[in-house]
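What follows is a short report on a single structure.
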Amino acid sequence: MPGLVERYRDRLPFADDDPVVTLGEGSTPLVHAPTVSERVGAEVYLKIEGANPTGSFKDRGMTCAVSAAVREGAEAVICASTGNTAASAAAYAAKAGLTGAVIVPEGKIATGKLAQALMHGARVIALRGNFDEALRLVRELVDRHPIALVNSVNPFRLEGQKTAAFELLDDLDQLDLLCIPVGNAGNVTAYWKGFREAGASPRLFGFQAEGAAPLVHGRRVENPETVASAIRIGNPARWEEAMAAMTESRGEIRAVSDDEILDAYRLLAAREGVFCEPASASSVAGLLKYGADGAERVACVLTGHGLKDPQTALEQAYAVVPCEPSIAAVERAVLG
Ligand SMILES: *Cc1c(COP(=O)(O)O)cnc(C)c1O
């Protein structure tokens, strides 16, 4: 598979001879979800963004942001991150031969994401503060130093991420409703941009975690809390754009509880065969909670892979079955 810049270059701000930093991102599977479909009374599909090279949709934006940084002669990239942006930035910086630095909230990022950022050789800075503070500080830092900022405030991130909307329209002849997790609100903004550029206008239902739902309540959340660490954000950088997308698409931003997120997380793994991370499951949790509102064809974006956060998975799953090495014991263990 070509990367997404190659696949969609005519709709992206890259010329034919521009340098492209790619790991073969995009072109992710769209999987029919019979159990979820039956429960909501609509045809529901899952966009498996965990199938991107570093395991989240962030790679779509990162191929563009890092390619643009290389084109501009940058030597270093930096981001604030709840985890996946850090993993992705670190990988693409490694591929490009750039120095990467990532600032994450101390103790608040999933184990897999931390392992990725470290393995790719990024300098990982654990901030004694939350994501919103981390983003404020990196924005200040790049004003003082020649380092490219690759958070979703970088317009190239949205350019890359809008290609997921193109793929949905390529794969489905009808799409009435898109359900999507919302944290910093870059992705929902990017999807809407992609849909509009392609002349489509499905409704957008965005879902935030109850303890981190600034867009639902219309005010910042000082200390956001949720099991869905990727969307633990109290002051979304793309606030206005996301709300405009909601208005234009006749969409809704609503909240789901951690319990509802975890129910959907387990359901997707056990019944649909799809292991996503908790934040991703909020799209399906929201659809199950609020319904499809008459939509016939629905796509839910599953933003990141379940392996990112093995700790939460092990807390939510059944325990392993211990067993002595005899056939009788194995029989009891397997059949019992
Ligand atoms: C980044 C991320 C989100 C939130 O996307 P925003 O663009 O910040 O709204 C949701 N899920 C996962 C897994 C993410 O990594």
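Note that ligands are numbered from 1 as they come in the structure, with each ligand's atoms numbered from 1 the same way. This one's a predicted model, so the numbers in the text were calculated from it and none came from an experiment.
- Residues that satisfy the ring pair (Phe, Tyr, Trp, His ring centres under 6.0 Å) test with F14, not counting sequence neighbours, are F156.
- We find that E167 and R60 are joined by a salt bridge, their nearest charged nitrogen and carboxylate oxygen being less than 4.0 Å apart.
- Within 4.0 Å of ligand 1, protein heavy atoms come from F57, K58, N84, V182, G183, N184, A185, G186, N187, A230, I231, E277, A279, S280, T303, G304.
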Q: Mind running ring pair (Phe, Tyr, Trp, His ring centres under 6.0 Å) on Y8 and F166 for me, showing each step along the way?
A: CA-CA 9 Å; Y8 292 112; F166 299 160; 5.3 Å; yes
Q. What's the verdict on salt bridge (Lys or Arg N to Asp or Glu O under 4.0 Å) for R7 and D170, showing C-alpha distance, side-chain angles and the deciding distance?
A. CA-CA 12 Å; R7 182 170 175 190; D170 285 346; 3.4 Å; yes
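- Donor-acceptor pairing under 3.5 Å is recorded for the side chains of K308 and Q116.
- For the pair R254 and F207, the cation does not sit on the ring face, since its NZ or CZ is not both under 6.0 Å from the ring centre and inside 45° of the axis.
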